[in-house]
Novice: 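Here's a structure for you.
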Amino acid sequence: MPDFLSVILKILFIVFFFGFCVFIHEFGHLLVALWKGLHVEKFSVGMGPKLWGFTYRGVEYVISWLPFGGFVSLPQLDPTDTPHSSNNIPLPHATPGARAWTAFAGPLFNVLFGFLLATLMWAAGLWRPVPSTSVVVSSLPAYLPHSAPFSPDSQLLSFNRFQVSEISPLSWAGFCHFLGSQDTVPEEVTVKVWEPGAEEPRTVTFTPEKNPEWEAGLRPGDRIWEVNGASFQGGTEDFQKEYVYGNRGQVTLKVVRQGEPLEFSYVPAKNPDREELAFPFMEVQNPVHVAEILPGSPAEQAGLQSGDQLLSLNHANVVSPTELERWLKKLPEGTSSLEVEAARNGAPLPPLTLSWEPQGNPTPETLGFAFQVLVYGCSPDSPAAKAGLRQGDQILSLKRLAPAEGTPTPTQPDTLLVREIADFQKFVRESGAIPLEVTYRRNQRERQITLTPYFHPERPGVPLLGVVLTSELPRSIQHITPWAQFTEVLNTTTRTLGLLFAPLTSRAKSAITGQPRQTPSSQVGIRHMSGPLGIIQALWYKLKYEGYRGGFSFIILISFSLAFMNLLPLPVLDGGHILFAAVEALIRRRIPATFFKYVYNTFAVLLILMMLYITLFDGRRILRYSFRGGKSKPQEKKQVDTPKTPPATPENASPDASATP
């Protein structure tokens, strides 16, 4: 019952606030039209057939059956020789100023409504990416995952003469990531694959396409601090935005490797899993987040604090807690100090030095670093969900309990202090069906539950718990000023429009300068835009994964965006009315009605066709997510046994060895 009520409340939220963004726009037209003395025929709250209404001072006010937005009928905005009322009574021409103010009022009221909501959310706080001015390449494929001549769901059994199954069964995409840390890879490969539904494996020889990111020289462990000439503040989320929006046919990355600044430039490949946008194939994550600095430790004495990000030790980039531990074991005997680069709240700290008494190799714990693995979510009806694990719970340890009779006992230690997701995944898989005691922390209190792994028909032989894990909740509640929220939407809208019109501007620049025309390979097209279907879907996911904070954040985005888009100087839009009114005021005469009709009808048809085109792609996205169970493509390189998380899930959330398909 609570789940059903939650769904109803989300639907009501979407219907009311999505409709209100349209309603307030039309309400602005109404108020200024009445102020300027224009003839108003009707003002409707909602669309469709009339449900109830009344007439006041010659204006019919109605409530319609469909609770979506509304409209106002203003015949004097119609660019004809002589405007007429609904009773065919001639009306006087409205002055250019009255028409311009009336058209401008709609976007203005959207901005005012957006600022009102933004002010309220400034006080309440919004989910925003954790501040981070760099990201670390955790993995990247050597070959493009979609370049194989067999199903992406195929199981790779061997690569040339290497038996992949000796490591664990992998997909082709997973093995591409596995090879990503190598300096050289074969031009031609021979693989044995077992495709879904096939009775036996087959051997295929082909020449895969190399990943431009890898071919340019990027490698796992590189720390990226600038993309396409721009720095960023929001970690992985901002990096991906700059990667797509900022490239003009070529991506340029500035990275740090072993303390040395490097720069890589390459023409990005279009990513078929991201609607052919030049979206990165590499996996990136924010720098390692230190959950706690242990009291009296070298880290505390050096001035580090809980929540700091570790960037490098002795100029070696810190990729993960496990890699950090391995790196520390390789230190020369007698080492007693390390130079540390760290960041706090996204801002780099001055270089620090960790010092200790040389007594064997240090560990993260002896240096004072405590890391965390958090629950991001649970699969429905999974052991984790039934046990009550929820987002934000910190997993502290796993312990194998007495195995059931006949269950083989693993040779590995029975207890794991969980410091990293990969450790958790490996421990669960090696435990098989043995019950596990999970110790976790919630609200500063340690708790324990017992989870018994199960086996899903789609993943035979793989033990599942059903929990999605993350090293940190990649978003935090921040108090963003209304002006910052406004400029954020304005910047995104401007950059999107810049990419949409790039073919036209490129052609114009070429005609003026005589240089060859260049079009961005990451060109954002009309099909990548969202109409009402796509907006409703995105709003639903915002509500589902970020709650009402996320919902209101998206309503602010819709309200501001509606204002910006309507101010474009195109016929049919408010900006077109303003433009033609300005031209009339300048030339002091009306533009011929035949010209108006031709231009407006042409643009009206084009607008309708564009909306149908956008809606078609919106429907395809919804169907695709439906067939995937609302989930996106799996992170195969991490050996997860499930599709990854829904579109709203942050990039660094990772299903454990257990989440159900």
Side-chain angles (χ1 to χ4, degrees), residues 136 138-139 167-168 170 174 177-178 181 220-221 283 285-292 294 310 313 317-330 361-378 383-384 389 392-401 409-441 446 448-453 462-474 634-642 644 652-659:
V136 181
S138 58
S139 175
I167 303 175
S168 67
L170 283 177
H177 278 275
F178 178 78
S181 60
E283 303 277 352
Q285 61 189 36
N286 290 343
V288 170
H289 171 265
V290 181
E292 184 181 356
L294 302 179
L310 291 181
L313 296 179
N317 293 332
V318 180
V319 179
S320 67
T322 298
E323 289 298 322
L324 171 61
E325 186 171 24
R326 291 171 184 162
W327 184 84
L328 290 173
K329 289 180 179 179
K330 297 178 182 178
N361 286 94
T363 65
E365 288 77 13
T366 60
L367 293 180
F369 300 131
F371 303 103
Q372 63 182 5
V373 171
L374 302 175
V375 174
Y376 187 80
C378 298
L389 283 177
D393 290 344
Q394 181 183 352
I395 306 296
L396 302 177
S397 67
L398 296 176
K399 180 180 179 181
R400 297 189 182 101
L401 301 179
T409 303
T411 59
Q412 292 75 13
D414 288 333
T415 301
L416 171 72
L417 295 178
V418 180
R419 288 199 300 263
E420 192 178 3
I421 295 171
D423 296 337
F424 184 103
Q425 295 173 337
K426 183 180 179 182
F427 191 89
V428 172
R429 290 191 175 186
E430 291 175 346
S431 299
I434 299 174
L436 302 174
E437 181 182 82
V438 181
T439 302
Y440 65 97
R441 181 182 291 128
E446 290 191 11
Q448 291 180 333
I449 56 173
T450 298
L451 299 180
T452 301
V462 179
L464 310 173
L465 290 181
V467 61
V468 180
L469 302 171
T470 179
S471 57
E472 63 172 319
L473 293 178
Q635 274 187 332
E636 296 172 83
K637 61 98 184 177
K638 287 189 177 180
Q639 289 297 285
V640 290
D641 51 58
T642 79
K644 202 188 171 188
N652 64 342
S654 172
D656 75 325
S658 59

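All residue numbers refer to positions in the sequence shown, counting from 1.
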Novice: Judged by atom type as modelled, is there a donor-acceptor pair below 3.5 Å linking the side chain of S431 to the main-chain atoms of I434?
Specialist: no
Novice: Has the side chain of D414 got a donor or acceptor atom that lies under 3.5 Å from a matching backbone atom of R400?
Specialist: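 Not at all, since once roles are kept as given, no pair shorter than 3.5 Å links the two residues.
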Novice: The criterion is side-chain hydrogen bond (donor to acceptor under 3.5 Å, both in side chains); which residues satisfy it with S181, sequence neighbours excluded?
Specialist: none
Novice: Could you work out, with salt bridge (charged side-chain N to carboxylate O under 4.0 Å, His left out) as the rule, every residue matching E292, not counting sequence neighbours?
Specialist: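 Checked E292 against salt bridge (charged side-chain N to carboxylate O under 4.0 Å, His left out); zero matches.
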Novice: Any sub-3.5 Å donor-acceptor pair from N361's side-chain atoms to L328's backbone N or O?
Specialist: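 Pair found, side chain donor or acceptor close to backbone of L328.
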Novice: So, using side-chain contact (heavy atoms from CB on, under 4.5 Å) as the criterion, who are the partners of P453 when residues are at least two apart?
Specialist: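 P453: side-chain contact (heavy atoms from CB on, under 4.5 Å) contacts with L436, P463, L465.
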Novice: With sequence neighbours left out, write down each residue that passes salt bridge (charged side-chain N to carboxylate O under 4.0 Å, His left out) with E437, or none if nothing qualifies.
Specialist: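 Testing E437 for salt bridge (charged side-chain N to carboxylate O under 4.0 Å, His left out), a comparison that skips the adjacent residues, returns none.
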Novice: I need the minimum non-hydrogen distance between V136 and P287, along with the two atoms involved.
Specialist: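 Taking V136 first and P287 second, the nearest heavy atoms are CG2-CA, 4.2 Å.
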Novice: Run the side-chain contact (heavy atoms from CB on, under 4.5 Å) test against V288 and tell me which residues pass, sequence neighbours left out.
Specialist: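 Listed in chain order: V318, P321, F371.
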Novice: Please confirm whether the backbone N or O of E283 pairs with a side-chain atom of S138, one donor and one acceptor, at under 3.5 Å?
Specialist: yes
Novice: Could you go step by step and tell me if K329 and R326 meet the side-chain contact (heavy atoms from CB on, under 4.5 Å) rule?
Specialist: CA-CA 5 Å; K329 289 180 179 179; R326 291 171 184 162; 5.7 Å; no
Novice: Show the nearest heavy-atom pair for residues I421 and V373, with the distance to one decimal.
Specialist: N-CG2, 3.8 Å
Novice: Applying side-chain hydrogen bond (donor to acceptor under 3.5 Å, both in side chains), can you list everything that pairs with Q448, at least two apart in sequence or on another chain?
Specialist: T439
